[in-house]
Amino acid sequence: MNDTARERILGRLRKAVGQERTLPAVPPPPETPPLSRDDKIERLNTLMTAMRSEVHLVPRDAWVEKLKAILQEKGLTQMIYAPGTPIGDAVAAAWSEGEGGLPALRPYEQAVESFKEELFAIDAGITGTAGAVAETGALILWPDETEPRLISLVPAVHIAVLDADRIYDTLDEAVEKGGWAEGMPTNALLVSGPSKTADIELVLAFGVHGPKALVVLVLT
Amino acid sequence: METKDTKRVEKPFDFKANVIKALGNRQLRSNLKFAMGSMTAKRKALFSDTAAFEALRARGNAIRRRALLQLPELLEQLERKCTENGITVHWAETTDAANEIVLGILRDHGATRVVKGKSMVSEEMHLNRFLGDHGIESLETDLGEFIIQLDGETPSHIIVPAIHKNKQEIARTFHEKLPDTPYTEVVEELNAIARKTLRKKFYEGEVGLSGVNMAVAETGTLCLVENEGNGRMCTTVPPVHIAVMGIEKVVEKLSDVPPLLRLLTGSATGQLVTTYVNMITSPRKPGEKDGPREVHLILLDNGRSTILPDEKLRQTLQCIRCGTCLNHCPVYTRIGGHAYGFVYPGPIGKILTPQMEGLDRTSAIPTASTLCNACEEVCPVQIPIPDLIRRLRNESYDPDGSVCGHGVKRNLAETAVWKAWALVNRHRALNAVGTRMAGIFGPMLPRIGPLAEWTRSRNRPEFARKSLHDMAREEGISDE
Ligand code: SF4
């Protein structure tokens with residue numbers, strides 16, 4: 001039955017548009033002068049901070065120390081990470097059990113079905129990023145087999161680590177230079193801040209269903 | 001938690017009565033006035049560079065027109081790509097068929113609980129009511145939708161569905177409908193209550209259901225935008241994800257997404273980008289640890305394919321459902337969304353509803369416009385809404401029209417009056433007599449009947465006793 005619904009819909013559509021069609025050309029994106037690396041970092045920082053993200057610029061070799069300081073200050077109990085990713089492995093290597101005020105590390109290494117209850121009790125998650133977009137201020141997340149999707153969604157605090165060399169000027173550029181059309185992952189994401197809503201009297205409130213806080217470590 | 005979705009009583013649609021009721025509701029009017037003012041200001045600030053905005057709009061318009069002109073091929077490509085990626089594609093001609101498909105998937109999984117992200121297509125389907133009738137809990141998880149579902153209402157705005165309510169009303173609803181919930185008017189606390197209630201539901205959800213903001217034929221990717229994270233929850237936590245989408249929402253390429261996204265989020269909420277842009281291309285792949293194991297895409301026609309043939313009316317389908325035409329409409333901002341009586345209110349509703357539901361049921365809706373052109377000026381994909389409204393008004397009188405229910409308003413007396421008018425204006429002698437008669441009998445125009453309706457809020461037309469021609473002649477000016 002479904003097949004005939006398909007045929008009927010497509011039949012009507014074919015008839016509606018006919019054979020002779022002149023397609024309008026899509027004007028190209030505006031030519032904007034490329035931003036310098038510093039300008040991109042600056043713009044991303046400004047926009048994401050305005051969206052209540054906590055952005056920290058840190059030297060490449062000192063980010064784990066910075067991470068520890070942030071976590072100690074926030075007083076979180078457990079942090080989930082993805083073993084086998086550069087970020088996850090770096091964190092695991094630098095953690096020592098019982099180090100003052102740090103959350104316990106929890107690896108995400110099994111399918112969610114056998115892990116859901118624990119996952120929903122964890123209060124922090126750390127992921128890498130596949131870059132960012134300066135123009136609109138958003139991180140690009142590209143979860144895969146090693147980095148599961150829920151790390152950046154379920155815990156109340158999401159920490160994302162971004163390589164400053166991977167900030168694109170625009171999303172158009174990210175799609176084109178990143179070759180997205182050649183292979184999209186199961187779930188690609190743009191994330192611009194902590195979860196928020198304005199559904200009650202347009203009052204902006206943060207931390208509705210997703211993370212209440214988004215910490216971005218930009219490795220310069 | 002109780003929801004009243006299933007027990008709604010259908011009353012016949014009486015637009016005028018709805019409007020009078022809405023206009024008398026002071027609370028509603030002040031809620032709307034504040035909210036719409038704030039939303040239009042935010043949008044304006046974001047698109048402050050007019051030249052850049054116009055260039056972006058031109059791109060959006062071309063992308064949408066190209067997509068519609070290739071709609072059958074793009075849908076086939078989308079279906080092929082999705083299938084290759086492991087997404088199951090279903091086609092539904094009617095909302096009933098779409099509902100049955102959803103129910104079939106739920107039955108296959110023995111599921112009784114659905115968590116839903118915001119989707120206007122699911123509103124078209126009256127899906128919650130349908131599932132409720134079949135003993136399935138279908139829970140809205142977008143905060144605004146959650147609020148109105150608790151009250152057994154429907155969205156009054158396509159972006160901010162609970163905008164007609166203020167926090168006192170919401171506080172009362174939460175207090176009365178959610179167990180063990182103290183009364184609070186603090187917005188943060190109300191949000192926290194929703195978070196706590198719904199977290200549990202996401203955790204338990206057997207099937208997640210969402211809409212689609214745009215689908216990319218090139219890669220088979222479904223794009224969803226949102227701020228709350230409930231959409232990501234619905235599409236990531238439960239083992240099954242069902243996406244429902246109108247067939248017009250497909251675009252050619254991934255490179256079409258960035259400009260449309262800018263237009264959509266900028267117009268809808270004045271944001272450069274939403275908190276989340278969620279791009280889904282497949283179910284969980286082998287080796288991946290989370291995400292649904294099954295993803296279904298339901299392509300719903302529901303009258304869209306009958307809008308496509310007419311080159312002018314086709315533009316209705318360019319709509320990306322940003323809702324900004326509602327915010328800028330002098331009629332919507334005074335009566336709100338419920339008065340329109342159907343799923344899509346405001347300017348987009350005025351052109352879409354009659355074409356989907358037939359003019360015979362809805363011909364009053366296109367009359368609710370001042371033709372001020374504000375909607376056309378702000379529409380991110382340049383839909384000439386006022387033009388289409390005029391066209392539909394004509395269709396309601398036209399016995400040879402093409403829109404379903406055309407000619408419904410044609411009435412013999414009115415046709416006769418206009419015929420006479422045309423005749424009088426074509427013949428000089430008749431015209432002279434007519435003008436004189438109007439001058440004499442004009443002041444005696446009845447205060448009842450259709451004219452009374454016209455003059456209730458307007459001055460009655462005053463006819464001059466002498467025509468301009470006569471006066472000119474008396475002054476000795478030649479009219480040659
Ligand atoms: S008609 Fe235009 S302004 Fe109105 S919702 Fe659709 S895209 Fe937005």
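Only this structure's heavy atoms are used, side chains among them; waters, hydrogens and symmetry mates stay out. Lettering follows sequence order; numbering is per chain, from 1.
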Please flag which part of A/Y108 lies under 4.5 Å from any non-hydrogen atom of chain B: side chain, backbone, both or neither.
both
Side chain / backbone / both / neither for B/Q271 at chain A, heavy atoms under 4.5 Å:
side chain
Name each donor-acceptor pair under 3.5 Å that joins a side chain in residues 135-145 of chain A to protein atoms two or more places apart or in another chain, with its distance.
residue, atom, partner, partner atom, Å
A/E135, OE1, B/R262, NH1, 3.3
A/E135, OE2, B/R262, NH1, 2.8
A/D144, OD1, A/T146, N, 3.0
A/D144, OD1, A/T146, OG1, 2.9
A/D144, OD1, A/E147, N, 2.8

Exercise: do A/T186 and B/E288 side chains pair donor with acceptor under 3.5 Å:
yes
Test your reading of the model: is there a side-chain donor-acceptor pair from A/S195 to the backbone of B/G229, 3.5 Å cut-off?
no
Quick one: what part of A/P28 sits under 4.5 Å from any heavy atom of chain B, side chain, backbone, both or neither?
backbone
Quick check on B/R64 against chain A: is it the side chain, the backbone, both or neither that has a heavy atom closer than 4.5 Å?
neither
Honestly, the part of B/L68 sitting under 4.5 Å from a heavy atom of chain A is backbone
Whatever's closer than 4.5 Å to a heavy atom in chain A on B/I170 counts as side chain
With a distance cut-off below 6.0 Å to the six-membered ring centre and an angular limit of 45° from the axis, does A/K116 pair with B/Y203 as a cation-pi contact?
yes
Where does B/L261 contact chain A at under 4.5 Å (heavy atoms): side chain, backbone, both or neither?
side chain
Residue from B/T281, B/N227, B/D290 scoring the most non-hydrogen pairs under 4.5 Å with chain A is B/D290
Please flag which part of B/I247 lies under 4.5 Å from any non-hydrogen atom of chain A: side chain, backbone, both or neither.
side chain
Applying a strict 4.5 Å limit to non-hydrogen atoms, the region of A/V191 in contact with chain B is both
Heavy-atom contact with chain A under 4.5 Å, split by part of B/I163
side chain
Pair A/R8 + B/E93: basic N to acidic O under 4.0 Å:
yes
Under 4.5 Å from a heavy atom of chain A, the part of B/L75 involved
side chain
Can any side-chain N or O of A/R6 pair as donor or acceptor with the backbone N or O of B/W91 at less than 3.5 Å?
no
Chain A heavy atoms under 4.5 Å from B/T274: which part of the residue, side chain, backbone, both or neither?
backbone
Supply the atom-to-atom distance B/D142 CG to A/D199 CG, rounded to the nearest 0.5 angstrom.
5.0 Å
Identify which part of B/T221 has an atom lying under 4.5 Å from any heavy atom of chain A, answering side chain, backbone, both or neither.
side chain
Please classify the contact of B/E218 with chain A as side chain, backbone, both or neither, using a heavy-atom distance under 4.5 Å.
side chain
Is it the backbone or the side chain of A/R149 that comes under 4.5 Å from a heavy atom of chain B, or both, or neither?
both
Is a side-chain donor or acceptor of B/R199 paired with a backbone partner of A/F120 at a separation under 3.5 angstrom?
no
Side chain, backbone, both or neither of A/V154 within contact of chain B (heavy atoms, under 4.5 Å)
both
Report, one line per pair, each donor and acceptor closer than 3.5 Å where one atom sits in a side chain of residues 201-213 of chain A; sequence neighbours left out.
residue, atom, partner, partner atom, Å
A/E201, OE2, B/K167, N, 2.7
A/H209, NE2, B/T141, O, 2.9

One option among B/D256, B/T219, B/V187 has the most heavy-atom pairs under 4.5 Å with chain A, and it is B/V187
At a 4.5 Å cut-off on heavy atoms, which part of A/A25 comes close to chain B: side chain, backbone, both, or neither?
backbone
